Amino acid sequence: MSRFLRNPSALVGLVIVLLLVVPALCAPLLPIADPNEANLTNRLAPPGSDGHLLGTDSLGRDILSRLLHGLRLSLAVAISATVVAGFAGSLIGLLAGFYRRWVDTLLMRSMDMLLAFPYLILALAIVAVLGPGLLNALLAIAVVNIPFFARNVRGATLLWTRSAFVEAAVLSGRKRPAILLAEVLPNVVPTIIIALSTTLGWMILETAGLSFLGLGAQPPTADLGAMLAEGRTVMLVHPHVGLLPGVVILILVVGLNLMGDALRDVLDPRLSQGVSAAPGAATVVERGGARAAGAENAGPVEDSFVDVRNLTLSFSAEAEGAPAVQDVSFRLGRAEALGIVGESGSGKSVTALALSRLVPSPPARILRGEVRIGDTDVLRASPSALRQLRGRRVSYIFQNPWDSLHPMIRVGEQVMESLRLHGPVSRAAARRRARELFEQVALPDAEAALRAYPHQLSGGQCQRVGIAMALANQPELLIADEPTTALDVTVQKQVLDLLRQIREEHGLALIFISHDLGVVQAVVDRVMVMRRGMVVEEGPTAAVLSNPRHAYTQQLMAASPVLGRGRKQDLGEAPADARGGEGA
Amino acid sequence: MQALDGVDLTLREGRALGIVGESGSGKSTLARILVGLEEPSSGTVLFQGKPLVEALRARSAFHREVQFVFQNSLGALNPRKRIGSILHTHLQILEGGTATEVKARVREVAEAVDLPEDLLERFPHALSGGQAQRVNLARALLTHPRVIVMDEPVAALDVSVQARVLRLLRRLAETFTFTLVFITHDLAVVDYLCDEVCVMREGKVVESGSTADVLTRPHEAYTRALMDASRATSHGMPS
């Protein structure tokens, strides 16, 4: 609720709606004229005339009073129609989405039949059959809105019915109807509320529309639509009669829609993070006056290709809270391989992305440090220099091979595109090169693989394509972020072998990121253990593994069971603060 | 498509069986059949000598005896319900009892899986992965079931959190005495936790037997390949 009120458009909408609704609700109590009391001697009085604040209509009735009473009526009809449509539509959607099979077919096909008629025509037809009158108009607009609710709610129900907690409820012995009501429905309620709130303004317009055509409110009672119709006849000479109800409808609908949109922003889980500003092209660097000691004085060190010093990066807007990466320093030679090991939240992936300033800003800011790759000072580099760096000199391999490939483009095309993006290469030459790369990463039948879509390849094959793409422009630094975590163990071993072989053949520098010390050691010369944004230990792989100095490294090693040790191993005791870190 | 193809398996009471396989091996499907979430197209599962189909006619009675732990620990908890209420309802439906009895039992089991009491008041999204999985363990244990089937319960957890859950599992197996079916892709975990192992591939059982036997003298090439892969990515020095 407080989040709803903090939203400016919600507040404006709420104020508008309250300003209109409260007087309308109190209309019978207010000291205003009877809305239906005609006075033919005082016809069409202009606004501001004595005793009639907004003037009178063609029968001499007080417009203010008629407006308030009309608004009451319009609101009552629109709200009732929304509730009726919402209830019926939600029920249909819930049943169809939950029970599927013939229930779904029967219910949704009948909804399709309703949708087959144009919206207004259907409403008119219903009123034509039932006869004019407010109640019939209400029924008509309720019926034509049922499919909207049914479809929305069915979608949400389908989604939630497939979730694991519904199966868990089966294992808790819940019966099917109870699962629908107690487990699924509470999760669908936000969808229903959003649909209700966005429909209400629409319903006001539809009620007014039918009344305007003379099919809704019957004289002498008038809702806003009927008043509009009455005003139309004297439009040219006395515009205020028709203008006033029109303006009220406009303002009310705008207010309701503002509220509805805000409600959706609050309730829709997909938008709960807020629509944040689009991230810029490079991570923002905000190094204050105080530079870390020793960061500035030295130029690039002999032999080191990547040189990172005191890199500090924060995601929070203020200085409060620990930075995601804190004073991380390391060096990497031209043909060296470094493993970065850590658990979730250790900052290992952020460090890797920060090397080419790929961490999204906002919210990320680099607060301190130096990053050099070859002769490029990354934190001072121009956008065009960064573009040169990324994809060409530095390339990445990501965890989920399917996510990093476009699902609708043949993988061969994708590799060719990344080749042609970085230099003038003919199509034929790019294709030859792509084929060559596919052979290098040992894709069986390279020719067929070029023509395959990602979904036609297995996880291991996709990751090989990812590696081929990363190698396409002969990078000097390859950064692999958990490249084998999503793969089967036997496939993982093959991909690790491939990485090791590529490293030897191409002589490129490699940064290998993983949560698993065991996986890292299969590929790298040196390993760096990170925890909560800081480096806890760094050294040659064999030395760290055989003689870990830091307690955290020891724990990490003790934590994963080793084949062949059986029940003897005790998997260590989690350190006191690691347990705390496990909290949300 | 056949997910499982002629699987024969016998499990004795009180033992821990590890079912190992890679993606597409059918290990998860097998687990779901064992707890009655899916039906086999042919063949029978006997539970305590009776066909599973018959046992499932009395769902509550069956689920008091046979429970399941999902891999997606957070997804298995209704986001709109507090942890305490999730555990409470589970026990209430399956066993009944007065509110005080149920409450006492929930508290007792929560303690057994190291869940602090204030956590019962929280909603699932305020839990870490490890905490969520311990809630799932608690739920599975509430009725003192005779069989618990777990589908990759630690695969999505951080290494040190995984270690904690595994240690907890071993401790629970001693105090609660249940038969465990543990589905995993990780032979090293089976070696740590299970008395028996069953290696699966493409819907078939490749090899099965006592963990000690199979892992010291694997008969099948595929088992050896799995073991090699596990060793190649292990930090363990020969001991």
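Predicted, not measured: the structure shown is a model, and the values here were computed from it. Quick note on labels: first sequence line is chain A, next is B, and so on, each numbered from 1.
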Check the surroundings of atom [atom1] in [X]: do more than 12 heavy atoms from other residues, nucleotides or ligands lie under 6.0 Å from it?
| X | atom1 | result |
| --- | --- | --- |
| B/Glu220 | CD | yes |
| B/Glu111 | CD | no |
| A/Arg549 | CZ | no |

Next item on the list: Would you mind checking which part of A/Glu183 comes under 4.5 Å of any heavy atom in chain B, side chain (CB onward), backbone (N, CA, C, O), both or neither?
Entry: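 When you check distances to chain B, atoms from both the backbone and side chain of A/Glu183 fall under 4.5 Å.
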Notebook entry, point to check: Given that the side chain runs from C-beta out, which part of A/Glu167 has a heavy atom under 4.5 Å from chain B: side chain, backbone, both or neither?
Noted result: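 Backbone plus side chain of A/Glu167, per the 4.5 Å heavy-atom cut-off to chain B.
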Option in [options] with maximal non-hydrogen atom pairs under 4.5 Å from chain A:
| options | result |
| --- | --- |
| B/Cys194, B/Ala229, B/Ala212, B/Ala140 | B/Ala229 |
| B/Ser60, B/Gly21, B/Gly36, B/Pro79 | B/Pro79 |
| B/Thr211, B/Leu187, B/Leu77 | B/Leu77 |

Using heavy-atom distances under 4.5 Å, tell me whether [X] contacts chain A through its side chain, its backbone, both, or neither.
| X | value |
| --- | --- |
| B/Tyr192 | both |
| B/Glu22 | both |
| B/Arg64 | neither |
| B/Leu193 | backbone |
| B/Leu94 | both |
| B/Leu37 | side chain |

What's the shortest heavy-atom distance between [X] and [Y], and which atoms?
| X | Y | answer |
| --- | --- | --- |
| B/His90 | A/Leu171 | CE1-O, 3.8 Å |
| A/Gln521 | B/Ala232 | NE2-O, 3.2 Å |
| A/Ala559 | B/Ala163 | O-CB, 3.3 Å |
| B/Gly75 | A/Ala164 | O-CB, 3.6 Å |
| A/Leu563 | B/Arg231 | CD2-CG, 4.3 Å |
| B/Ala188 | A/Val562 | CB-C, 4.0 Å |

Do [X] and [Y] come within less than 4.5 Å of each other through their side chains, counting heavy atoms only?
| X | Y | result |
| --- | --- | --- |
| B/Thr89 | A/Arg174 | yes |
| A/Lys175 | B/Arg59 | no |
| A/Asp516 | B/Val159 | no |

Item checked: Residue pair B/Leu226, A/Val489: steps toward the side chain to side chain contact (heavy atoms under 4.5 Å, CB included) verdict -> CA-CA 7 Å; B/Leu226 277 182; A/Val489 270; 3.7 Å; yes
Backbone of [Y] reached by a side-chain donor or acceptor of [X] within 3.5 Å:
| X | Y | answer |
| --- | --- | --- |
| A/Asp488 | B/Ser23 | yes |
| B/Asn78 | A/Phe165 | no |
| A/Lys493 | B/Ala225 | no |
| B/Gln162 | A/Ser560 | no |

Check: Of the listed residues (A/Ala182, A/Pro186, A/Ala169, A/Ala558), which shares the most heavy-atom pairs with chain B below a 4.5 Å separation?
Finding: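 The candidate making the most pairs under 4.5 Å is A/Pro186.
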